[in-house]
*Asks:* 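Sharing a structure here in structure tokens format.
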Amino acid sequence: MKYEFTHIEKKWQDYWQRHATFRTEVDERKKKLYVLDMFPYPSGSGLHVGHPEGYTATDIFCRFKRMKGFNVLHPMGWDAFGLPAERYAMQTNIHPRITTEENISTFRRQIKLLGLSYDWSREVNTTDPAYYKWTQWIFLKLYNSWYDRRVEKARPIETLEDELALEGTRNVDVPAPFGPEDWKKKGKKEKHDFLARFRLTYVAEVPVNWCEGLGTVLANEEVAEWTEKGYTVERRPMKQWMMRITAYAERLLQDAESLDWPVSTLEMQRNWIGKSEGAEIEFPVKRSNDRIKVFTTRPDTIFGATFMVLAPENPFVLRVTPNDHVVEVTDYQKQASKKTEIERGAERGKSGVFTGGYAINPATKKEIPIWIADYVLMGYGTGAIMGVPAQDERDWEFAKTFGLDIIRTVQPPAGFQGKEYLGDGPAINSGLLDGLHIEQAKKRIIEWLEQEEWGRRAVTYKLRDWLFSRQRYWGEPIPIVHLEDGTMKPLKDAELPLELPELEKFQPSGTTESPLALATDWVNIVDKDTGMKGRRETNTMPQWAGSCWYYLRYTDSENAKEFCSGEKEKYWMPVDVYIGGAEHAVLHLLYSRFWHKVLYDLGYVSTKEPFLKLRHQGTILGEDSRKMSKSRGNVINPDDIVAQHGADSMRLFEMFMGPLEDVKPWSTKGVEGVFRFLNRVWRLYVAEDGKRDPSISDIQPDGSFERLFHQTVKKVGEDVASLRFNTAISQMMIFVNEATKLQKRPRALMEQFVLLLSPFAPHIAEELWQKLGHTNTLAYEPWPVFDATKVVEDTIEVVLQVNGKVRSRVLVPMNTPEDELEDLALKDDNVRRHLDGGRIVKKVVVKNKLVNIVVAR
RNA sequence: GCCGAAGUGGCGGAACUGGUAGACGCGCUGGACUCAAAAUCCAGUAUGGCUUACCCCAUGUGGGGGUUCGACUCCCCCCUUCGGCACCA
């Protein structure tokens, strides 16, 4: 009987669905395991072969663990908000909800064809109001929280209000302190504005990449893409929603150390957070009481600071600029503001203008000129630097361009020909630091700065607050109302979800607002509590929002009262294994960790980190080893593969191609190879009449076949546990090759082998299991165990070497003693030929491995 | 430029803590079955040499050095590819 994969796969997929085979519930008696795939954005082009790679890997792992007795949570859902559906709506006026639904249906159908053991009852969809209700709820939790530095955690904003009313800002670090009476005297708006400076979600005027053509702001990484397509992107300050992720910089950095993640991903996150340690130093402005703060990692070089540079946007710029320089300075500021950050970075050489103002170097007491230049960024440190050309490449270049003084304060080694010197050496021209090396000099100068009150030890991070608003329709509405008194009012929990309004026509608003601004009935409201007129926030959330917490929703996806119940969260979290693309190494994985920590601080989740073990699947390239793309015509469609060779072959091949994390090219021949393998398996078990093959019977296995069986159980189990699927499949192929050679096949072992194969090729395995006489699914059969004593070979080949080169091999019983091995080597003809009468200097004997005889001539 | 990962047959890849390099699969070659083909099965397959049976010898894991009885594996230098960052003071 032929291997009718199409029929078999349909049959078992129906069976699993009918019997809810993979439905999971909390079960305190069983050990839980949470295995998660990064959920896909359901694009219009359907699934590509890259998706099933990760999904198959997690599926094999889940099926294996279920058989090992674990209670496995393995869900799937849709990250369905996003720009493509909205752009399509603008062209066709078809509601994004409709396109999204269609795309989801396609994806769901395609994924189901692969026989993945998801608990579909937990499916989530980020665009479903029942889901985004809780995205909005979490947004409000952040809005209504502040980060308390004293305890290093987020707390409800009321705790800050209470504290201000009780003791003012005595224990809170603010520029303008006040007492409890002052707080009580403040008006509503004043209090509102003050608190806004603490909230984890806040509105700020920030320079963004505004694209008029698209009617939205773009992320820095999106700018290049659209400018290439002919759109113009300009830098302009706009009011945007921000999330105070910077408050968590240190914890995001520290807690990453405990994670079992790819080193490269951890490294990328570390670089993204970009911690650097140094000092803040205040430079007094000449003839003024102002002090300009700079950040430096090299406070030891302060004696070489011969100028100062401010970012063009630095608010001090105009305060230090005398009237006769204002024109040049403002001109420069204007130019700089137009450039995007990419353009600023791409420019070779240094530009800048002298402000006409001077500061006093607190170490040398000398006057140094204050310049502005766009190589100094407002978003990092204090937006101002001390220029130390002798010990900094950029400052050197700047000083050379504008003819500024250069004073070496670290002695370069003799014969040093370079420009700036970044290496270590004794300090020179540095007063109290002279002779000290960098580390000591840093320590000494910081002590001095702190003592003289010119500065202090400081840490800064590259990480910036998260720009959270998008001027788009197809995203979660931000649940905030702007009242006519200038304050903002968050919606109450009972008012959630705030659903997207229906629109007549999908088009940009024509202003800097999102298309939501066109839904005037929705936008304009009257506040029930105060009777004030109000306007709803028209920005929506970025696509990251929904994916920031979806793993929590899976634990309790039907819950209408909570985002998930504490009990279920405690049982299932954290995610034990998380698999997805490396393209999310930073943003998604950092944003999720951030939200998770906020929820942790507020007591809503029980773990500090959401994802314990993370692995990325490597990209699958086209057969030509190039990236798959429509234009290259090398795209492989999973539907075709499933139709031609079946889902089991598809799954098996994707896992057999190579290590999960590697980038690897598709191979049609390779699929045929694993398809042949499955056919061989089939013929091993099934006779022409469709019944169990008569070669399978209750006989005692012969020793070597039994050994191979135990070796296979061991290898497959270990490999699956460590996600090395390619080598597990190799071992199964070896087993099948041997089994094929046998006339009579021992039923017990053959049955167990079906169980080994089942996580990889579940459909054929279920069918064979049934043909072997079982009536239930094998999904919960116990995973085969191996007998360690039966794994070891009784005869083993030992290598005989002379001077490290293999000269002969002998078959000996396992654990033949060393001296016997040595004798065998010395008696061996070819070994003796190579000894060639030389003097034996050394004999190395490794039991069960080799004998190496070292001779001198 | 900086950070990270990786370079093994014609191809995808294997080799656990240094101990038989090339498992398994693809491809290729030869054979069996067949009128023939497909499918299937069997055998061979790193490169070169010598014999021209089996053998045996040399070379071989990006290149060059080193440590070691012994290195794909450890150390140093260099090259290439991929991923990320990019004036972060």
Side-chain angles (χ1 to χ4, degrees), chain A residues 2 221 262-268 270-272 274-276 278 294-298 301 309 341-342 344-350 373-377 379-388 391-395 397-398 460-464 582-583 585-586 616 618-619 625 653 656-659 661-674 676-677 679-680 683 715 718-719 722 724 726-734 736-737 740-741 796-809 830 833-834 841-846 848-855:
Chain A
K2 252 186 85 187
E221 53 274 24
V263 282
S264 53
T265 304
L266 288 171
E267 189 61 22
M268 279 165 67
R270 220 172 281 136
N271 291 339
W272 193 264
K275 180 178 186 175
S276 54
V294 304
F295 173 75
T296 176
T297 54
R298 291 292 304 275
T301 63
V309 188
E341 265 181 54
I342 309 275
R344 271 200 192 187
E347 262 164 35
R348 294 231 157 258
K350 295 276 176 288
D374 64 9
Y375 82 93
V376 175
L377 309 172
Y380 182 75
T382 60
I385 61 153
M386 61 180 200
V388 188
Q391 275 92 220
D392 183 277
E393 188 187 347
R394 298 149 300 183
D395 297 347
E397 213 185 312
F398 192 75
T460 60
Y461 301 87
K462 273 199 265 186
L463 185 71
R464 302 190 200 173
E583 66 273 19
V586 177
H616 301 301
T619 316
S625 292
F653 176 64
F656 186 57
M657 292 167 80
E661 312 80 25
D662 286 9
V663 176
K664 41 209 179 278
W666 185 260
S667 162
T668 300
K669 289 286 182 191
V671 188
E672 288 167 15
V674 294
R676 269 200 287 274
F677 166 71
N679 274 284
R680 281 217 299 283
R683 287 196 301 271
K715 176 109 180 106
E718 288 172 355
D719 284 355
S722 48
R724 291 192 308 256
N726 53 331
T727 48
I729 296 169
S730 295
Q731 183 65 34
M732 292 192 288
M733 286 174 167
I734 293 171
V736 168
N737 288 347
T740 305
K741 291 177 189 159
I796 198 161
E797 194 178 56
V798 166
V799 173
L800 308 178
Q801 300 178 324
V802 177
N803 287 350
K805 292 198 173 168
V806 180
R807 295 306 177 185
S808 193
R809 300 151 209 267
N830 205 37
R833 188 154 67 239
H834 283 91
V841 200
K842 187 169 184 177
K843 295 175 215 159
V844 182
V845 185
V846 183
N848 299 326
K849 286 257 153 66
L850 56 76
V851 180
N852 186 14
I853 300 188
V854 186
V855 290

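So you know, we letter chains A, B, ... as the sequences are listed, proteins then strands, and number each from 1.
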*Asks:* Once you round to the nearest 0.5 Å, how far does CG of Asn852(A) lie from CG of Leu800(A)?
*Replies:* 10.0 Å
*Asks:* Return the NZ to CD1 distance between Lys842(A) and Ile853(A), rounded to the nearest 0.5 Å.
*Replies:*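 One gets 13.5 Å once the value is rounded to the nearest 0.5 Å.
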*Asks:* Could you please name the option among A14(B), A89(B), C41(B) that lies closest to any side-chain atom of Arg680(A)?
*Replies:* C41(B)
*Asks:* When you compare C26(B) with U34(B), how far apart are their C1' atoms, in angstrom units rounded to a whole number?
*Replies:* 26 Å
*Asks:* Please check this pair: side chain of Asp395(A) against backbone of Gly387(A), looking for a donor-acceptor N/O pair closer than 3.5 Å.
*Replies:* no
*Asks:* Considering every strand shown, what is the Watson-Crick or G-U wobble mate of A58(B) when both distances are under 3.5 Å?
*Replies:*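 Answer to the pairing question: U47(B), which forms a Watson-Crick or G-U pair with A58(B).
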*Asks:* Please classify the nucleic acid contact of Pro659(A) as base, sugar-phosphate, or nothing, using heavy-atom distances under 4.0 Å.
*Replies:* sugar-phosphate
*Asks:* Using atom P in both nucleotides, what's the gap between G12(B) and A21(B) to the nearest angstrom?
*Replies:*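 Per the computed distance, 23 Å lies between those P atoms.
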*Asks:* Tell me what Ile734(A) touches on the nucleic acid: a base, only sugar-phosphate, or nothing, going by heavy atoms under 4.0 Å.
*Replies:* sugar-phosphate
*Asks:* Can you tell me, in whole Å, how much space there is between the P of C69(B) and that of G1(B)?
*Replies:* 40 Å
*Asks:* Indicate, with a heavy-atom threshold strictly under 4.0 Å, whether Val663(A) touches base, sugar-phosphate, or nothing.
*Replies:*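 Sugar-phosphate: the residue Val663(A), judged by heavy atoms under 4.0 Å, touches backbone atoms but no base.
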*Asks:* Which nucleotide in the list C69(B), A5(B), G12(B) gets nearest to the side chain of Lys842(A)?
*Replies:*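 Of C69(B), A5(B), G12(B), C69(B) is nearest to the side chain of Lys842(A).
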*Asks:* Please give, in whole Å, the distance from G84(B) P to Asn271(A) CG?
*Replies:* 13 Å
*Asks:* Would you call Asn803(A) and His834(A) a side-chain contact if the rule is heavy atoms closer than 4.5 Å?
*Replies:* no
*Asks:* Roughly how far apart, to the nearest Å, are G62(B) and A71(B) at atom P?
*Replies:* 15 Å
*Asks:* Looking at every strand, decide which applies to Glu267(A) at a 4.0 Å heavy-atom threshold: base, sugar-phosphate, or nothing.
*Replies:* sugar-phosphate
*Asks:* Using the closest heavy atom to pick a nucleotide of RNA chain B for each, name whichever of Asn830(A) or Ser667(A) lands nearer the 5' end.
*Replies:*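 Closest to the 5' end, via its nearest nucleotide, is Ser667(A).
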*Asks:* At 4.0 Å (heavy atoms only), tell me whether Asn679(A) reaches a base, stays on the sugar-phosphate, or touches nothing.
*Replies:* nothing
*Asks:* Go through C85(B), C26(B), C3(B) for me and flag the one nearest to the Arg676(A) side chain.
*Replies:*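 Comparing C85(B), C26(B), C3(B) against the side chain of Arg676(A), the answer is C26(B).
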*Asks:* Thr727(A) side chain: which of G19(B), C41(B), A14(B) is closest?
*Replies:* A14(B)
*Asks:* Do Met657(A) and Phe653(A) make a side-chain contact, defined as non-hydrogen atoms from C-beta onward lying under 4.5 Å apart?
*Replies:*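 Side-chain contact under 4.5 Å: yes.
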*Asks:* Looking across every strand, which nucleic acid part, if any, lies under 4.0 Å from Gly673(A) by heavy atom: base, sugar-phosphate, or nothing?
*Replies:*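 Gly673(A): backbone/sugar contact only, no base atoms under 4.0 Å.
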*Asks:* Of the candidate nucleotides G84(B), A89(B), A58(B), which contains the atom at the shortest distance from the side chain of Asp392(A)?
*Replies:*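 Closest of the options to the side chain of Asp392(A): A89(B).
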*Asks:* Would you measure the distance from the C1' atom in U67(B) across to the matching atom in U80(B) and give it in whole Å?
*Replies:*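 After rounding to an integer number of Å, I get 26 Å for this pair.
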*Asks:* Check whether NZ of the Lys or CZ of the Arg Lys350(A) lies under 6.0 Å from the centre of the six-membered ring of Phe398(A) and within 45 degrees of that ring's axis.
*Replies:*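 No - Lys350(A) does not lie over the ring of Phe398(A) by the 6.0 Å and 45° rule.
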*Asks:* Between U20(B), G19(B), C26(B), which nucleotide has the shortest distance from any of its atoms to the side chain of Val846(A)?
*Replies:*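 Per side-chain heavy atoms of Val846(A), the pick is G19(B).
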*Asks:* State whether the distance check finds a donor on one side and an acceptor on the other, under 3.5 Å, for side chain Lys350(A) versus base C87(B).
*Replies:* yes
*Asks:* In the structure shown, which nucleotide is the Watson-Crick or G-U wobble counterpart of U68(B), with both distances under 3.5 Å?
*Replies:*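 Here U68(B) is not engaged in any pair, so there is no nucleotide opposite it.
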*Asks:* Determine the minimum heavy-atom distance between His616(A) and Pro262(A), stating which atoms define it.
*Replies:* CD2-CG, 3.7 Å
*Asks:* Quick one: label Lys669(A) by what it contacts on the DNA or RNA (base, sugar-phosphate, nothing), any heavy atom closer than 4.0 Å.
*Replies:* sugar-phosphate
*Asks:* Would you indicate what Ser276(A) reaches in the nucleic acid, counting non-hydrogen atoms under 4.0 angstrom: base, sugar-phosphate, or nothing?
*Replies:* sugar-phosphate
*Asks:* When you compare G13(B) with G65(B), how far apart are their P atoms, in angstrom units rounded to a whole number?
*Replies:* 29 Å
*Asks:* As a test of reading the structure: which of A89(B), G12(B), A14(B) is closest to the side chain of Thr297(A), going by heavy atoms?
*Replies:* A89(B)
*Asks:* Taking U17(B) as the reference, what is the distance to C82(B) when you measure between their P atoms (whole Å, please)?
*Replies:* 29 Å
*Asks:* Identify whether any heavy atom of His616(A) sits under 4.0 Å from a base atom; if not, whether one sits that close to sugar-phosphate; answer base, sugar-phosphate or nothing.
*Replies:* nothing
*Asks:* Mind telling me if G83(B) is syn or anti? Syn here is a glycosidic angle within 90° of 0.
*Replies:*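 What G83(B) shows is an anti base, its glycosidic angle lying more than 90° from 0.
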*Asks:* When all nucleic acid strands are considered with a 4.0 Å heavy-atom cut-off, which category describes Val388(A): base, sugar-phosphate, or nothing?
*Replies:*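 No contact.
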*Asks:* Of the nucleotides C69(B), C57(B), C26(B), which has the atom closest to the Arg807(A) side chain?
*Replies:* C57(B)
*Asks:* Given the C1' atoms of G48(B) and A43(B), what is the spacing between them in whole Å?
*Replies:* 24 Å
*Asks:* Specify the residue among Gly804(A) and Val799(A) whose closest nucleotide of RNA chain B lies further upstream toward the 5′ end.
*Replies:* Val799(A)
*Asks:* Classify the nucleic acid contact of Asn737(A) as base, sugar-phosphate or nothing, counting any heavy atom under 4.0 Å across all strands shown.
*Replies:*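 Answer is sugar-phosphate: Asn737(A) comes under 4.0 Å of backbone atoms only.
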*Asks:* Using whole Å, report how far CG of Asn848(A) lies from P of U20(B).
*Replies:* 13 Å
*Asks:* Is there a side-chain contact between Met733(A) and Val674(A), using heavy atoms and a 4.5 Å cut-off?
*Replies:*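 When only atoms from C-beta onward are counted, Val674(A) and Met733(A) do touch, with a gap below 4.5 Å.
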*Asks:* With sugar-phosphate meaning primed atoms plus P, OP1 and OP2, does Glu393(A) contact a base, only sugar-phosphate, or nothing at under 4.0 Å between heavy atoms?
*Replies:*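 Result for Glu393(A) = nothing.
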*Asks:* Would you indicate what Arg270(A) reaches in the nucleic acid, counting non-hydrogen atoms under 4.0 angstrom: base, sugar-phosphate, or nothing?
*Replies:*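 Since no nucleic acid heavy atom lies under 4.0 Å of Arg270(A), the category is nothing.
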*Asks:* From the options G84(B), C69(B), G12(B), select the nucleotide whose nearest atom is closest to the side chain of Asn852(A).
*Replies:*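 For Asn852(A), the side-chain atoms sit closest to C69(B).
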*Asks:* Identify which nucleotide among U59(B), G4(B), G19(B) has an atom closest to any side-chain atom of Lys805(A), counting heavy atoms from C-beta outward.
*Replies:* U59(B)
*Asks:* Just call it for Val854(A): base, sugar-phosphate, or nothing, with non-hydrogen atoms closer than 4.0 Å on any strand.
*Replies:*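 The answer is sugar-phosphate, as Val854(A) gets under 4.0 Å only of primed atoms, P, OP1 or OP2.
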